[in-house]
Amino acid sequence: MERPVSVVEHELELNLVLSPEHSVPVQARLSYGSHDPYAVYITFHLDTGSPVTWVFARELLVEGTFRPCGQGDVRIWPTLPQPSAGGSRSGRRSVLCLALSSPAGDALLEAPLPAVAAWLERAHRLVPPGSELAALDMDGSLAELLA
């Protein structure tokens with residue numbers, strides 16, 4: 001029996017950091033599905049007409065919302081607003097930094113941390129952490145391979 005595929009998606013605007021003073025907005029879609037319970041997908045909608053999709057471990061994104069993590073092609077870390085001299089938070093919002101490296105080049109992107117955290121909560125309701133293996137349809141996948 002084939003299991004229904006459930007997907008959690010969220011469209012958001014990221015900032016592609018070009019220099020400490022300059023960034024440009026980039027539209028992106030976060031996607032998570034029960035058919036691939038260990039992975040998250042981020043699709044960037046670029047002016048080239050062809051979207052670019054990165055796939056990496058959901059756990060990496062979760063950990064990156066709390067502390068710096070990752071190595072190699074994908075590194076993630078949170079940046080929280082710093083208190084000003086008067087004790088109040090500055091106008092800078094909480095962001096999640098994603099450093100991506102490929103043979104085509106490197107990119108530093110900033111995503112709104114609250115939006116990513118809320119989307120991850122929805123993904124966790126779909127497939128709770130630790131239950132990813134149960135979400136996989138191993139019998140169906142094996143039958144497909146042998147057909």
Side-chain angles (χ1 to χ4, degrees), residues 2-84 88-142 144-145:
E2 194 170 311
R3 293 182 183 186
V5 174
S6 297
V7 176
V8 175
E9 293 185 323
H10 182 68
E11 297 282 338
L12 73 162
E13 185 175 277
L14 307 180
N15 286 316
L16 174 61
V17 179
L18 302 176
S19 72
E21 304 82 29
H22 188 66
S23 63
V24 295
V26 175
Q27 290 301 120
R29 179 188 313 115
L30 294 169
S31 183
Y32 175 80
S34 60
H35 65 286
D36 193 0
Y38 290 103
V40 294
Y41 295 74
I42 300 180
T43 301
F44 302 100
H45 305 287
L46 307 173
D47 293 334
T48 62
S50 298
V52 174
T53 301
W54 280 71
V55 182
F56 52 90
R58 175 174 73 163
E59 185 57 35
L60 179 66
L61 186 58
V62 170
E63 186 176 337
T65 64
F66 296 102
R67 66 183 82 48
C69 66
Q71 56 185 346
D73 295 346
V74 179
R75 292 176 292 119
I76 305 171
W77 65 95
T79 302
L80 304 174
Q82 298 300 311
S84 64
S88 66
R89 296 283 179 183
S90 69
R92 184 174 161 85
R93 61 194 172 121
S94 299
V95 296
L96 185 65
C97 297
L98 292 99
L100 306 175
S101 289
S102 77
D106 300 328
L108 174 60
L109 295 132
E110 293 180 333
L113 183 55
V116 174
W119 174 80
L120 279 168
E121 284 180 30
R122 291 175 48 216
H124 283 160
R125 284 194 299 273
L126 181 62
V127 178
S131 68
E132 293 90 353
L133 193 56
L136 290 173
D137 181 12
M138 298 301 279
D139 292 335
S141 296
L142 185 58
E144 221 176 89
L145 283 172

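All values derive from a computational prediction rather than experimental measurement. Just so it is clear, the values below take in all heavy atoms, side chains as well, and ignore hydrogens, waters and symmetry mates.
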List the atom of [X], the atom of [Y], and the distance in Å for their closest heavy-atom pair.
{"X": "Val24", "Y": "His22", "result": "CG1-NE2, 3.9 Å"}
{"X": "Pro112", "Y": "Leu14", "result": "CD-CD2, 4.3 Å"}
{"X": "Phe44", "Y": "Ala28", "result": "CD2-CB, 4.0 Å"}
{"X": "Pro68", "Y": "Pro78", "result": "N-CD, 4.1 Å"}
{"X": "Glu9", "Y": "Arg122", "result": "O-NH1, 3.3 Å"}

### Donor-acceptor pair between Ser101 and Asp73 side chains, under 3.5 angstrom
no
Between [X] and [Y], is any pair of side-chain heavy atoms under 4.5 Å apart?
{"X": "Leu16", "Y": "Ser23", "answer": "no"}
{"X": "His124", "Y": "Pro129", "answer": "yes"}
{"X": "Thr43", "Y": "Trp54", "answer": "no"}
{"X": "Arg29", "Y": "His45", "answer": "yes"}
{"X": "Tyr32", "Y": "Val127", "answer": "yes"}
{"X": "Leu96", "Y": "Ile76", "answer": "yes"}
{"X": "Val74", "Y": "Leu100", "answer": "yes"}
{"X": "Val55", "Y": "Val40", "answer": "no"}

### Task
Could you tell me the separation between the OG1 atom of Thr53 and the CD1 atom of Ile42, rounded to the nearest 0.5 Å?
10.0 Å
### Message
Going by side chain to side chain contact (heavy atoms under 4.5 Å, CB included), Cys97 matches just one of Asn15, Leu108, Leu109, Val17. Which one?
### Response
Leu108
### Task
Verify, without hydrogens or angle tests, whether Arg58 (side chain) and Ala123 (backbone) share a donor-acceptor contact under 3.5 angstrom.
yes
### Message
Donor-acceptor pair, distance only, cut-off 3.5 Å: does the side chain of Trp119 make one with the backbone of Ser31?
### Response
no
### Task
In sequence, state the C-alpha distance, the side-chain angles, and the governing distance for Phe56 and Leu98, and then conclude on side-chain contact (heavy atoms from CB on, under 4.5 Å).
CA-CA 12 Å; Phe56 52 90; Leu98 292 99; 4.2 Å; yes
